[in-house]
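Note that the structure is predicted; figures quoted are calculated from it, not measured.
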Amino acid sequence: MEVGARVWVPVSIAETRVSRRFDCIPSGTLHPNADEIDYLRRLVKYKDYAILVLNKPPKLPVKGSLPVHNSMDALAAAALSYDYDEGPKLVHRLDRESSGLLLMGRTKESISHLHWLFNDINPAKSSCKAWNDACDAKFQRYWALVIGTPKENEGLIRSPLSKILLDDGKTERVILAQNVGLEPSQEAVTEYRVLGPMINGCSWVELRPLTSRKHQLRVHCAEALGTPIVGDYKYGWFVHRQWKQMPRVDIEPRTGKPYKLRRPEGLDVQKGSVLSKVPLVHLHCRELVLPNIAKFLPLLSNNAETLSPGLSGKPDLLRFVASMPKHMKISWNLMSSYLV
């Protein structure tokens with residue numbers, strides 16, 4: 001550039017007004033309108049006096065901070081209190097980019113017991129055998145589409161994780177711990193199972209985390225298995241670039257002949273699916289099994305050993321299954337004919 005040269009920046013007054021609308025807005029000032037409240041309540045899969053279970057859509061943050069005013073905890077507090085004085089509270093997390101079953105507690109007692117339930121270091125168990133058995137049966141099951149396929153069809157990943165700071169502490173990244181004692185690490189354990197053959201360079205896997213660490217499934221898939229989740233550019237950018245550039249010709253499982261995945265007519269794949277140019281994250285909490293808190297809460301509050309006759313007939317466990325978001329449904333329909 002030369003002295004006196006002009007640089008034209010196409011920023012209109014309308015755009016500046018829009019940007020101000022999404023500046024830092026405290027969560028306490030959030031007041032959803034009737035349409036937003038109706039949308040949020042359609043996400044609710046189950047509700048009793050103790051818990052709420054929702055099917056969280058992708059790209060919606062779970063926990064808000066000062067720059068984030070449209071997080072799930074703030075929206076739930078404003079729109080999902082129903083007949084209670086306060087809204088439900090989070091008891092576990094899902095990543096912003098992922099989707100699926102999200103559990104929230106509605107009372108102080110249920111929140112306390114759910115925090116205990118999702119704590120990796122559980123204290124002494126109750127004197128009630130039915131409650132202890134129900135706690136042991138608790139699990140979460142995820143479905144993910146990964147680039148490539150694991151070497152083994154199923155297995156157990158036992159790789160501790162560490163956090164490092166980048167960009168002068170502005171961003172955080174989770175990595176596999178090197179076990180050299182130089183940085184603190186946390187135990188992380190994940191069960192996995194491959195659901196079908198590799199199609200279009202990708203394969204569906206089922207993940208069951210046995211610990212609750214930040215970005216555990218994403219790091220275990222990308223670094224421990226070497227198969228990053230489709231759409232996870234933070235932990236699999238280099239593999240994504242190679243995958244999108246290579247000609248993907250696969251082997252048809254039934255005939256053994258080469259084939260190339262075709263786009264069905266009339267299907268809009270530009271919705272973040274596996275065939276779009278920039279896929280969204282394909283990680284979904286599909287299944288959740290947990291103790292029936294509403295059944296056991298009176299027993300736990302009174303430190304009793306047996307249930308009252310009115311509660312003994314209710315199920316000990318609750319099981320929930322959530323449908324996948326639209327972009328994952330498209331990818332599933334493109335590849336599901338080869339799943340086992």
Side-chain angles (χ1 to χ4, degrees), residues 30 32 34-64 70-84 86-118 134-135 137-145 204 206-209 212 217 272 280-297 311 313-333:
L30 182 66
D35 292 336
E36 291 170 331
I37 292 176
D38 182 64
Y39 169 75
L40 288 168
R41 292 189 173 181
R42 288 201 303 270
L43 300 178
V44 177
K45 299 281 294 181
Y46 175 83
K47 174 175 70 73
D48 60 25
Y49 83 88
I51 65 170
L52 275 177
V53 179
L54 305 98
N55 186 2
K56 186 189 88 68
K59 298 190 290 186
L60 178 63
V62 170
K63 183 66 176 177
N70 61 336
S71 60
M72 181 58 76
D73 61 337
L75 292 171
L80 299 180
S81 59
Y82 294 97
D83 53 345
Y84 283 25
E86 296 183 0
K89 300 293 190 296
L90 294 169
V91 295
H92 72 105
R93 302 284 185 88
L94 289 179
D95 292 344
R96 175 200 293 257
E97 296 84 2
S98 62
S99 60
L101 292 166
L102 181 68
L103 177 65
M104 307 186 84
R106 301 192 68 197
T107 67
K108 291 182 179 179
E109 293 79 10
S110 64
I111 293 170
S112 175
H113 286 94
L114 288 170
H115 276 146
W116 173 88
L117 189 64
F118 281 87
C135 291
K138 185 265 297 183
F139 69 86
Q140 292 172 284
R141 201 188 307 274
Y142 289 73
W143 279 2
L145 183 63
W204 288 97
E206 182 182 88
L207 303 166
R208 181 176 169 180
S212 303
L217 300 182
L280 297 177
V281 172
H282 283 57
L283 178 62
H284 178 71
C285 182
R286 175 171 173 80
E287 185 179 0
L288 173 64
V289 172
L290 73 156
N292 188 350
I293 299 294
K295 174 180 179 176
F296 290 106
L297 203 55
L311 295 174
K314 295 184 178 181
D316 291 350
L317 292 172
L318 298 176
R319 177 178 178 266
F320 306 100
V321 177
S323 60
M324 292 186 291
K326 186 174 182 179
H327 69 282
M328 290 185 67
K329 286 182 180 178
I330 295 175
S331 300
W332 180 270
N333 290 336

Inset, instruction - Apply side-chain contact (heavy atoms from CB on, under 4.5 Å) to Ile51 and Leu318, showing your working. - result: CA-CA 11 Å; Ile51 65 170; Leu318 298 176; 4.1 Å; yes
In Å, rounded to the nearest 0.5 Å, how long is the span from [atom1] of [X] to [atom2] of [Y]?
{"X": "Leu80", "Y": "Leu43", "atom1": "CG", "atom2": "CG", "value": "8.0 Å"}
{"X": "Arg96", "Y": "Lys56", "atom1": "CZ", "atom2": "NZ", "value": "8.5 Å"}
{"X": "Phe296", "Y": "Ser110", "atom1": "CZ", "atom2": "OG", "value": "15.0 Å"}
{"X": "Leu283", "Y": "Leu217", "atom1": "CG", "atom2": "CG", "value": "6.0 Å"}
{"X": "Met324", "Y": "Arg286", "atom1": "CE", "atom2": "CZ", "value": "6.5 Å"}

Heavy-atom pair with the smallest gap, counting every atom of [X] and [Y]:
{"X": "Ala137", "Y": "Val289", "answer": "O-CG1, 3.8 Å"}
{"X": "Leu297", "Y": "His113", "answer": "CD1-ND1, 3.7 Å"}
{"X": "Val44", "Y": "Lys47", "answer": "CG1-CB, 4.3 Å"}
{"X": "Pro58", "Y": "Pro325", "answer": "CD-CB, 3.8 Å"}
{"X": "Asp48", "Y": "Tyr46", "answer": "OD2-OH, 2.9 Å"}
{"X": "His115", "Y": "Leu90", "answer": "NE2-O, 3.3 Å"}

Inset, instruction - Might you confirm whether atom OH of Tyr39 has over 12 heavy atoms from other residues, nucleotides or ligands at distances under 6.0 Å? - result: no
Legend entry - Residues, nucleotides or ligands: over 12 heavy atoms within 6.0 Å of Arg208 CZ: yes
Tell me whether [X] contacts the main-chain N or O of [Y] through its side chain, where contact means a donor paired with an acceptor under 3.5 Å.
{"X": "Lys138", "Y": "Leu288", "result": "no"}
{"X": "Asp316", "Y": "Ala134", "result": "no"}
{"X": "Lys89", "Y": "Gly87", "result": "yes"}
{"X": "His327", "Y": "Val281", "result": "yes"}

Legend entry - Selection residues 97-118 - residue pairs positive for salt bridge (charged side-chain N to carboxylate O under 4.0 Å, His left out), sequence neighbours left out: Asp83-Arg106, Glu97-Arg218
Inset, instruction - Look at the aromatic rings of Trp332 and Trp143 and report parallel, tilted or perpendicular, splitting at 30° and 60°. - result: parallel
Inset, instruction - Evaluate the ring planes of Phe118 and His92, with Trp represented by its six-membered ring, and classify them as parallel (under 30°), tilted (30 to 60°) or perpendicular (over 60°). - result: parallel
Inset, instruction - Would you check, one step at a time, whether the test side-chain contact (heavy atoms from CB on, under 4.5 Å) holds for Leu290 with Leu114? - result: CA-CA 9 Å; Leu290 73 156; Leu114 288 170; 4.2 Å; yes
Legend entry - Passing candidate, side chain to side chain contact (heavy atoms under 4.5 Å, CB included) with His284, options Leu207, Leu94, Asn55, Leu101: Asn55
